[in-house]
K.L.:
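One structure is given below, represented as structure tokens, and several questions about it will come after.
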Amino acid sequence: SQQGEEDPQALSIQEGENATMNCSYKTSINNLQWYRQNSGRGLVHLILIRSNEREKHSGRLRVTLDTSKKSSSLLITASRAADTASYFCATGSGYSTLTFGKGTMLLVSP
Amino acid sequence: EAGVAQSPRYKIIEKRQSVAFWCNPISGHATLYWYQQILGQGPKLLIQFQNNGVVDDSQLPKDRFSAERLKGVDSTLKIQPAKLEDSAVYLCASSSGHGPSYEQYFGPGTRLTVT
């Protein structure tokens, strides 16, 4: 079974707008990672946030983690057509393997 | 540095045939993963190796799937015999360490179609 569940399943925005996608999970975790997958570059790691962190930034990406609500959000600011992709959250604890969600499909139109 | 290499990129076979996929991880990465990704879903772990030992193969359908990582470097995943539901993209990934605090680097995948 998949631990993380992304929401929404699909998101369509215009270039320059911000995109927010959410991930909810069921059991306690040590780390949460976000990945992006598009046809050009395959599956690529974006950012890792640890359970003792609340927010993390990387370029135009901002990730938050609320362990009390068992949820995380990924914000992409000033989106570009090149951000069109599927975004997955992946969770894990201890030495367990990562479990990926079903993903959010983001379409950014010029 | 060179990324994770996989071959072939595409494969079409008939059901009940066998197929093998190859993966070469990033140099020095001790941990290697095989995932199955069905269209519209996230990757599902099939097997994880630490060097040449199996760490997790709980979701590997062992009656038809097998994998090995001889010498702790490259790896092969085999399906024998294939079923229609095995149609998916098979992804190989590697990481420098073991556990969810390590970033995984993915190869381009092999798209398998079983007819």
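Side chains are part of it too, since the values below use all heavy atoms of this structure and drop only hydrogens, waters and symmetry mates. Each chain gets a letter, A, B and so on, in the order its sequence line appears, and its residues count up from 1.
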K.L.:
Check side chain to side chain contact (heavy atoms under 4.5 Å, CB included) between A:Thr64 and all other residues, then give those that pass, not counting sequence neighbours.
P.N.:
A:Glu55, A:Arg62, A:Ser73
K.L.:
Between A:Glu6 and chain B, with a heavy-atom cut-off of 4.5 Å, which part of the residue counts as in contact: side chain, backbone, both or neither?
P.N.:
neither
K.L.:
Rounded to the nearest 0.5 Å, what separation is found between the OG1 atom of A:Thr97 and the CD1 atom of B:Ile47?
P.N.:
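The distance works out to 11.5 Å.
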K.L.:
To the nearest 0.5 angstrom, please state how far the NZ atom of A:Lys102 sits from the CD1 atom of B:Ile38.
P.N.:
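So the gap between those two atoms works out to 10.5 Å.
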K.L.:
Got a sec: does the NZ of B:Lys71 have more than 12 other heavy atoms crowding it under 6.0 Å?
P.N.:
no
K.L.:
Answer with side chain, backbone, both or neither: which region of B:Gln48 has an atom nearer than 4.5 Å to a non-hydrogen atom of chain A?
P.N.:
side chain
K.L.:
Do the side-chain N and O atoms of B:Gln104 and A:Gln33 include a donor-acceptor pair separated by under 3.5 angstrom?
P.N.:
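No - no donor-acceptor pair under 3.5 Å links their side chains.
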K.L.:
Side chains of A:Phe88 and B:Gln41: closer than 4.5 Å at any heavy-atom pair?
P.N.:
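No, every pair of side-chain atoms sits at 4.5 Å or beyond.
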K.L.:
Can you tell me how far the OH atom of B:Tyr102 sits from the CG atom of A:Leu98, to the nearest 0.5 Å?
P.N.:
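With rounding to 0.5 Å, OH (B:Tyr102) is 12.5 Å from CG (A:Leu98).
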K.L.:
To the nearest 0.5 Å, what is the distance between CZ (B:Phe106) and OH (A:Tyr35)?
P.N.:
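Answer for the CZ-OH pair, B:Phe106 versus A:Tyr35, is 5.5 Å.
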K.L.:
For B:Leu39, I'd like to know if atom CG has over 12 heavy atoms of other residues, nucleotides or ligands within 6.0 Å.
P.N.:
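No, the 6.0 Å shell around CG holds no more than 12 heavy atoms from other groups.
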K.L.:
Between B:Tyr105 and A:Val44 (side chain of the first, backbone of the second, donor and acceptor by atom type, cut-off under 3.5 Å), is there such a pair?
P.N.:
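No.
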K.L.:
Looking at chain A, which one of B:Ser101, B:Pro108, B:Gly99 has the largest number of heavy-atom pairs inside 4.5 Å, strictly under?
P.N.:
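Looking at each option in turn, the highest pair count goes to B:Ser101.
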K.L.:
So with a 6.0 Å cut-off around CG of A:Leu75, is the heavy-atom count from everything else above 12?
P.N.:
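Atom CG in A:Leu75 is packed in, count exceeds 12.
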K.L.:
Check side-chain hydrogen bond (donor to acceptor under 3.5 Å, both in side chains) between A:Thr84 and all other residues, then give those that pass, not counting sequence neighbours.
P.N.:
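Expected list: none.
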K.L.:
Give a yes or no on whether A:Arg80 atom CZ has more than 12 heavy-atom contacts from other residues, nucleotides or ligands under 6.0 Å away.
P.N.:
no
K.L.:
Are more than 12 heavy atoms, taken from residues, nucleotides or ligands other than A:Glu15, located less than 6.0 Å from that residue's CD atom?
P.N.:
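Counting neighbours around CD of A:Glu15, more than 12 heavy atoms of other residues, nucleotides or ligands fall under 6.0 Å, so yes.
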K.L.:
If you count heavy atoms of other groups shown closer than 6.0 angstrom to NZ of B:Lys11, is the number above 12?
P.N.:
no
K.L.:
Flag the one option from A:Thr91, A:Leu48, A:Leu43 with the top tally of heavy-atom pairs under 4.5 Å to chain B.
P.N.:
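Most heavy-atom pairs within the cutoff with chain B belong to A:Leu43.
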K.L.:
Which heavy-atom pair separates B:Pro100 from A:Ser93 by the least distance, and what is that distance?
P.N.:
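B:Pro100 and A:Ser93 have their closest heavy atoms at CG-N, 3.6 Å.
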